[in-house]
Amino acid sequence: MIRVLLADDEELIRQALAALLGLEDDLEVVAQAADGRGALDAARAHRPDVAVVDLEMPAPGGIELAAELGRALPSCAVVILTGHGRPGHLRQALTAGARGFLPKGAPGGALADVIRRVHAGSRYVDPTLAADALTLPPCPLTPRELETLRLAEYGAPVAVIARRTGLAAGTVRNHLSASVQKLGAADRAEAVRIAREAGWL
């Protein structure tokens with residue numbers, strides 16, 4: 001019996017997945033969580049073989065959760081489900097230790113098959129996302145440019161970004177300006193959108 005943890009902030013989806021997996025003779029949903037923190041607690045308490053987690057849910061999100069589960073419970077394989085996966089997210093997920101990456105629109109039986117595969121030690125990546133990831137250009141931004149852009153995403157003023165990064169305000173402005181220019185954006189908001197859609201943020 002493969003013990004499964006489900007983590008998704010949308011209760012209807014979580015319950016539907018639990019019901020779907022409950023039809024499988026070799027799978028047992030041992031815990032559910034509505035956010036990343038709850039998923040970590042449930043994983044420690046129930047020690048599942050596989051965690052199926054949503055890419056975007058209250059902190060930590062699926063990618064961060066995969067990394068944290070890798071440290072807290074290395075025997076637990078992580079499958080990330082996404083409603084709108086981007087090639088950059090796929091790279092981040094695999095780097096974080098996820099063993100599966102599957103769109104929520106996949107056929108009903110696909111999730112059970114992916115759970116079995118990752119439990120057996122294999123990886124599974126949705127073929128369309130994998131093909132897109134192979135053609136995605138590398139991120140043109142430096143780590144500092146990404147960091148300042150990530151902080152600017154929520155409207156933080158330059159002074160606040162400077163304080164959080166330990167950089168001078170002028171340096172922060174330079175990084176943000178370089179990000180806008182490199183991404184061919186009209187302004188910071190568009191640069192954030194472009195980077196977010198590419199999965200770089």
Side-chain angles (χ1 to χ4, degrees), residues 1-10 12-36 38-40 42-44 46-58 60-139 196-201:
M1 188 66 77
I2 302 171
R3 296 163 51 80
V4 179
L5 161 68
L6 293 177
D8 194 309
D9 58 324
E10 296 183 53
L12 188 61
I13 290 176
R14 197 173 65 244
Q15 296 294 338
L17 290 174
L20 186 69
L21 296 178
L23 299 173
E24 303 291 331
D25 293 337
D26 58 339
L27 305 180
E28 179 187 9
V29 176
V30 295
Q32 297 183 39
D35 58 36
L40 277 171
R44 289 186 182 106
H46 297 276
R47 306 191 69 78
D49 301 308
V50 178
V52 177
V53 305
D54 187 22
L55 176 68
E56 293 182 358
M57 62 181 168
I63 291 171
E64 296 83 7
L65 181 57
E68 291 196 38
L69 282 172
R71 291 187 290 271
L73 194 63
S75 62
C76 179
V78 177
V79 174
I80 293 182
L81 288 181
T82 178
H84 38 74
R86 307 278 194 287
H89 291 147
L90 172 58
R91 286 184 184 174
Q92 292 171 356
L94 295 177
T95 300
R99 300 201 58 83
F101 200 86
L102 186 69
K104 287 183 177 178
L111 179 58
D113 291 339
V114 170
I115 289 170
R116 292 183 188 103
R117 283 190 199 193
V118 300
H119 181 254
S122 298
R123 288 182 187 260
Y124 178 84
V125 173
D126 175 71
T128 303
L129 287 173
D132 289 346
L134 290 174
T135 60
L136 180 72
C139 179
R196 174 67 60 196
E197 287 180 358
W200 297 325
L201 285 182

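The figures here come from the full heavy-atom set of this structure, side chains too, leaving out hydrogens, waters and symmetry mates.
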Spacing of [X] atom [atom1] and [Y] atom [atom2] [to the nearest 0.5 Å]:
X	Y	atom1	atom2	answer
Leu111	Tyr124	CG	OH	10.5 Å
Arg116	Ser122	CZ	OG	13.5 Å
His46	Arg3	NE2	CZ	8.0 Å
Arg71	Glu68	CZ	CD	5.5 Å
Lys104	Leu102	NZ	CG	11.0 Å
Leu6	Leu21	CG	CG	6.0 Å

(request) Could you check Met57 against Leu65 for side chain to side chain contact (heavy atoms under 4.5 Å, CB included), going step by step and ending with a plain yes or no? (result) CA-CA 10 Å; Met57 62 181 168; Leu65 181 57; 3.4 Å; yes
Any non-hydrogen side-chain atom of [X] less than 4.5 Å from a side-chain atom of [Y]?
X	Y	value
Pro48	Val50	no
Phe101	Val79	no
Val30	Val4	no
Val78	Val53	yes

(message) Tell me whether the count of non-hydrogen atoms from other residues, nucleotides or ligands lying under 6.0 Å of CG in Leu12 goes above 12.
(response)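 No - once you tally the heavy atoms of other residues, nucleotides and ligands closer than 6.0 Å, there are 12 at most.
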Can you name the closest pair of heavy atoms from [X] and [Y] and give their distance?
X	Y	result
Ala51	Cys76	N-SG, 3.5 Å
Arg99	Val118	O-CG1, 3.5 Å
Arg196	His89	O-NE2, 4.1 Å
Ala43	Leu69	CB-CD2, 3.5 Å
Arg123	Ala98	NH1-O, 3.2 Å
Ala72	Arg44	CB-NH2, 4.1 Å

(request) State which residues pass side chain to side chain contact (heavy atoms under 4.5 Å, CB included) with Leu20; sequence neighbours excluded, sorted by chain then number. (result)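 For Leu20, no residue satisfies side chain to side chain contact (heavy atoms under 4.5 Å, CB included) once neighbours in sequence are set aside.
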(request) Decide side chain to side chain contact (heavy atoms under 4.5 Å, CB included) for Gln15 and Gln32; before the verdict, give the C-alpha distance in whole Å, the side-chain angles of both, and the deciding distance to 0.1 Å. (result) CA-CA 9 Å; Gln15 296 294 338; Gln32 297 183 39; 3.6 Å; yes
(request) Look at Asp54 together with Arg14 and state whether they make a salt bridge at an N to O cut-off of under 4.0 Å. (result)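 No, this pair does not count.
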(request) Please determine which of Leu17, Val114, Ile13, Leu55 meets the side-chain contact (heavy atoms from CB on, under 4.5 Å) test together with Leu81. (result)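 Per the side-chain contact (heavy atoms from CB on, under 4.5 Å) rule, the option paired with Leu81 is Leu17, out of Leu17, Val114, Ile13, Leu55.
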(message) Under the criterion side chain to side chain contact (heavy atoms under 4.5 Å, CB included), I'd like the reasoning laid out for Leu5 against Val52: C-alpha separation, chi angles, the key distance, then a yes or no.
(response) CA-CA 6 Å; Leu5 161 68; Val52 177; over 6 Å; no
